[in-house]
Amino acid sequence: MNESFEQVLCRWYESNHRKLPWRETSDPYKIWISETMLQQTRVETVIPYYFRFLEQFPTVQDLAKADEQQVLKIWEGLGYYSRARNLHVAAKEITEKYCGKLPYDPKELLKLKGFGPYTTGAVASIAYNLPVPAVDGNVMRVMSRIEKCFSDITRAKTKKEIEGFVRAHMKNCAPCIFNQALMELGATVCLPKNPKCLDCPVQKFCQAYQDGCALDLPIKSKAKARKKETHLVFYARDHEKRTWVQKRPNTGLLANLYELPHILVGSQEKEACRRLKEDMFLDFQTEDGVVFRVSEVMLTFTHLFTHIEWELMVADAKVLHALAGKSIGEFCTPAEIEKLPFAAPFLKIINTVFV
DNA sequence: AAGACGGGGCA
DNA sequence: TGCCCAGTCTT
Ligand code: SF4
């Protein structure tokens, strides 16, 4: 009759949680893969990627042996590509330094590439049942409401505070259940906009609900506006219907992915392209010295990143001039292109134009 | 502490 | 359009 918050929440989880592929296993490797994919990514999106990834790389050793390009290809479309590159690096570290098994000690886990506080806590608690908090956006929201905490969750200090709340409740329950139960509650009941407080199993423990301020929490300061950029994309094909593609640099945005060449254009160039008519053309040079002759803008659309807004003007173009040593691009057949990892906006272009 | 880093779903 | 989502790394 006097059950604690953690006991009630765990009991609720045991009989109400969704059946998800990564909950059918206790293999630390699979849990690691799933937790990495789930960072900033919805469950429904992750599921097919999870199966494809494990089919191709069933063990740490398989992943360690793979080429980075294979890993990126499986990851294609999932976003935050450093996750895939870090997964690959960490798999090699695990193979070399930890006899091919994920370390048990959270301090060792934290040293691996791609393991921050969340992933470390998730693997330590879910795979090894160790009492380590795993605080993500859901837990941040749920605990802010339960404890009626008005700290700004965009601040690093607040995460420490929430971790403290979680730790305090982790004494009398199984960490592997409690952490997942907090996230499950956040994902299915304690929703950001419409928390289902009337159906909530821990309503009587929730200080925000008792005070009628659940909808006011968590406190989150506003994100900055996106920077806007217009890019002219060169869609150049040769007489064999091959397309000119290039590989992006190994750091920064969409690192190591493939793309159609493009350049940042100002408002005047943008207007000039828009006004192109028959028998007219404009020449542009990319950073790697390739000169493209543009005759028509075929397609214009917008692609949103977290911090940038790309307006992409896709132009029918011809390669006028390229230096073999300097240029980073080359003509590829449709079959070759299909095997390369492309970023979403370029995939969209390729699929639009090939049809 | 702040900014970079994807993509898709929803109101 | 703006906000949200199972974060980590770099500067
Ligand atoms: S009562 Fe409402 S606000 Fe509190 S934990 Fe439950 S769903 Fe969230």
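Note on naming: letters A, B, ... go to the chains in the order of the sequence lines (proteins, then strands), and numbering restarts at 1 for each one.
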Residues which pass side-chain hydrogen bond (donor to acceptor under 3.5 Å, both in side chains) with A:N172, listed by chain and number, not counting sequence neighbours: none
Interface residues of [range] with DNA chain B (non-hydrogen, below 4.0 angstrom):
range	value
residues 147-178 of chain A	A:A156
residues 28-48 of chain A	A:Q40, A:T41, A:R42
residues 58-93 of chain A	A:G77, A:L78, A:G79, A:Y80, A:Y81

Under the ring-ring contact (aromatic ring centres under 6.0 Å, His included) test, residues paired with A:W310 that sit two or more places apart: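 ring-ring contact (aromatic ring centres under 6.0 Å, His included) check on A:W310 returns A:H231, A:H262, A:F305.
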ring-ring contact (aromatic ring centres under 6.0 Å, His included) partners of A:Y128, counting only residues at least two apart: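 Per chain and number, A:Y128 pairs via ring-ring contact (aromatic ring centres under 6.0 Å, His included) with A:Y104.
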Inter- and intrachain pairs under salt bridge (charged side-chain N to carboxylate O under 4.0 Å, His left out), touching residues 143-157 of chain A, at least two apart: A:K148-A:D211
Salt bridge (charged side-chain N to carboxylate O under 4.0 Å, His left out) contacts touching residues 85-110 of chain A (sequence neighbours left out): A:E108-A:K111
For chain A, the stretch of DNA chain B it reaches, first to last nucleotide, under 4.0 Å of its heavy atoms: B:dA1 to B:dG9
Sugar-phosphate, base or nothing in reach of A:R23, heavy atoms under 4.0 Å: base
Transitive ILVMFWY cluster of A:L320, excluding itself - 4.5 Å side-chain cut-off: A:V291
Between C:dT11 and B:dG6 - P atom distance, rounded Å: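 My reading of the P atoms in B:dG6 and C:dT11 gives 15 Å.
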For atom CZ of A:R226 and atom P of C:dC4, their distance in whole Å: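 For the pair A:R226 CZ and C:dC4 P, the rounded distance is 12 Å.
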Atom-pair distance (CZ on A:R18; C1' on C:dC5), nearest Å: 12 Å
Close residues, residues 256-266 of chain A, relative to DNA chain C [heavy-atom separation under 4.0 Å]: none
Pairs under 3.5 angstrom only: tabulate donor-acceptor contacts from the side chains of residues 332-344 of chain A to other protein residues two or more places apart or in another chain.
residue, atom, partner, partner atom, Å
A:T333, OG1, A:E336, N, 3.1
A:T333, OG1, A:E336, OE1, 3.4
A:E336, OE1, A:T333, N, 2.8

